[in-house]
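Values below: all heavy atoms of this structure, side chains included; hydrogens, waters and symmetry mates excluded. In what follows, every chain begins at residue 1, and chains take the letters A, B, ... in the order their sequences are listed.
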Number of protein chains: 2
Amino acid sequence: MNKSSRHLAIKQIIAQRPIASQEELCDALGKAGFEVTQATLSRDLKELGIARINAPEGPRYVLHHQSEERRLQSVISYEVERIDANEVMVIIRTLPGRAPGVASFIDSLQHRDILGTLAGDDTVLVTPSSTKKIRNVLQYIKDALIARAA
Amino acid sequence: MNKSSRHLAIKQIIAQRPIASQEELCDALGKAGFEVTQATLSRDLKELGIARINAPEGPRYVLHHQSEERRLQSVISYEVERIDANEVMVIIRTLPGRAPGVASFIDSLQHRDILGTLAGDDTVLVTPSSTKKIRNVLQYIKDALIARAA
DNA sequence: ATTTCACTTGCATATTTATACAGTTTAATG
DNA sequence: CATTAAACTGTATAAATATGCAAGTGAAAT
């Protein structure tokens, strides 16, 4: 369980539901198999450009694009916010404007189970060769995008 | 020196130069003629939707656009022409060139059943977390986009 | 194998932020 | 005027976050 995969996990968790404190994030990560302390999370959030906003409904962590955008452009994993799938395709959420770059990268992998990609501004659709391949493709993409982080 | 003029002052100060802590903001406000305590600033920042981001150069307060996003709701409904769905996704037709804005707005709603959106020029594709959620998502989007028409 | 260096992490704690509570002010009402 | 309620703020402190330091790990160099 290395840092970059934990970072992806953090981004996915905070995108999925409101996280109000680092303690809470710590618990959520624990359940996902990442045992870390609050101190580490404080550092992670800083590296990821995640901010704690004070919504009327309570505090919550969110990816803050303004700070995120300044980071190294060449590192794909920093551009990816979330990777998900339904029954028919994989959807990758990226920072604004980064979808084409991420899609192009995936295309270059020339994986047999990937028919093609379609990129908008901050979203990439990945179409599998068959809906039965969805799980494979999802995992493959996660691995591929994380591996480049190191 | 009432609260709203202080709020305006706060927004101006944080826009002009990096403010790293509420103490620092307190000093800056003091020089501008607003004598308040850190406790009050904590409340002010919450009301204004200002977040503390962790830039590599150090922490800093910024207006968080996510809280601004809600103000746009009333405009959105005029840009949407049609909302439909098939078995797999929701399609929104908009006025020419308005799709990215509408997609961005839908993203900001952060609904758990919406994996992502993809915008072209006048068309937005909305991908549900599962095809089983299509009906929910369709209804949700209609409510969110059209209900504001009044 | 040993050394060195860069990177990562936890612990303990300093720093910063949020909030319970009480006091003050303002405005509205009987 | 007296009374009540709501809004605002400061004090004190609770809660949350950031960080100095030391330890651990792994890769590259000698």
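With B/Leu125 as the partner, the side-chain contact (heavy atoms from CB on, under 4.5 Å) test is satisfied by one option alone out of B/Ile91, B/Thr117, B/Ile92: B/Ile91.
Nearest heavy atom pair, residue A/Ser129 against residue A/Leu115, reads CA-CG, 3.5 Å.
If you take CG of A/Leu41 and C1' of D/dA16, they are 13 Å apart, rounded to a whole angstrom. A straight line from CD1 of A/Ile53 to P of C/dA18 spans 12 Å, rounded to a whole angstrom. The nearest whole Å value for the distance from the CD1 atom in A/Ile19 to the C1' atom in D/dA16 is 15 Å. In this structure, the CG atom of B/Asn54 is 17 Å from the P atom of D/dA16, given to the nearest Å. Distance, A/His7 NE2 to C/dC7 P: 14 Å, rounded to whole Å. Distance, A/Arg6 CZ to C/dG10 C1': 12 Å, rounded to whole Å. Put simply, CZ on B/Arg60 is 20 Å from C1' on D/dT17, counting in whole angstrom units. Regarding A/Phe34, its CZ atom lies at a distance of 13 Å from the P atom of C/dG10, rounded to whole Å.
Residue B/Arg43 is in base contact, counting any heavy-atom pair closer than 4.0 Å across all strands shown. Across all strands shown, A/Glu24 has no heavy atoms under 4.0 Å from either base or sugar-phosphate atoms. Within the nucleic acid shown, B/Glu47 has no heavy atom closer than 4.0 Å to any nucleic acid atom.
In terms of phosphate contacts, A/Gln22 brings a side-chain nitrogen or oxygen within less than 4.0 Å of OP1 or OP2 of D/dA18. Put simply, A/Asn2 has no side-chain N or O that comes within less than 4.0 Å of OP1 or OP2 on C/dT8. Between B/Thr40 and D/dG10 there is a side-chain polar atom (N or O) within less than 4.0 angstrom of OP1 or OP2. At C/dT17, one or more side-chain N or O atoms of B/Tyr61 fall inside 4.0 Å of OP1 or OP2 (strictly under the cut-off). Taking 4.0 angstrom as the limit, A/Ser42 places none of its side-chain polar atoms (N or O) nearer than this to OP1 or OP2 of D/dT17.
Judged purely by atom type and a 3.5 angstrom limit, A/Lys11 has no side-chain atom pairing as donor or acceptor with the backbone of A/Leu63. In this structure, the side chain of A/Asp44 does not engage the main chain of A/Glu47 through any donor-acceptor pair within 3.5 Å. Here the side chain of A/Arg52 pairs no donor or acceptor atom with the backbone of B/Ala51 at under 3.5 angstrom.
Between the side chain of A/Gln38 and the base of D/dA18, a donor-acceptor pair under 3.5 Å is found.
Remark: A/Leu45 CG to A/His7 NE2 distance equals 8.0 Å, nearest 0.5 Å.
Relative to the side chain of A/Val36, the nucleotides C/dG10, D/dT17, C/dA18 differ in distance, and C/dG10 lies closest. Ranking C/dT17, D/dT17, D/dT9 by closeness to the A/Arg52 side chain, first place goes to D/dT17. Picking from C/dT19, C/dT17, D/dG10 the nucleotide with the shortest atom distance to the side chain of B/Lys46 gives C/dT19. The listed nucleotides are C/dT19, D/dT9, C/dC11; the one nearest the side chain of A/Ala39 is C/dC11.
Sequence order on DNA chain D of the closest nucleotides to B/Glu35 and B/Pro59 puts B/Glu35 first from the 5' end.
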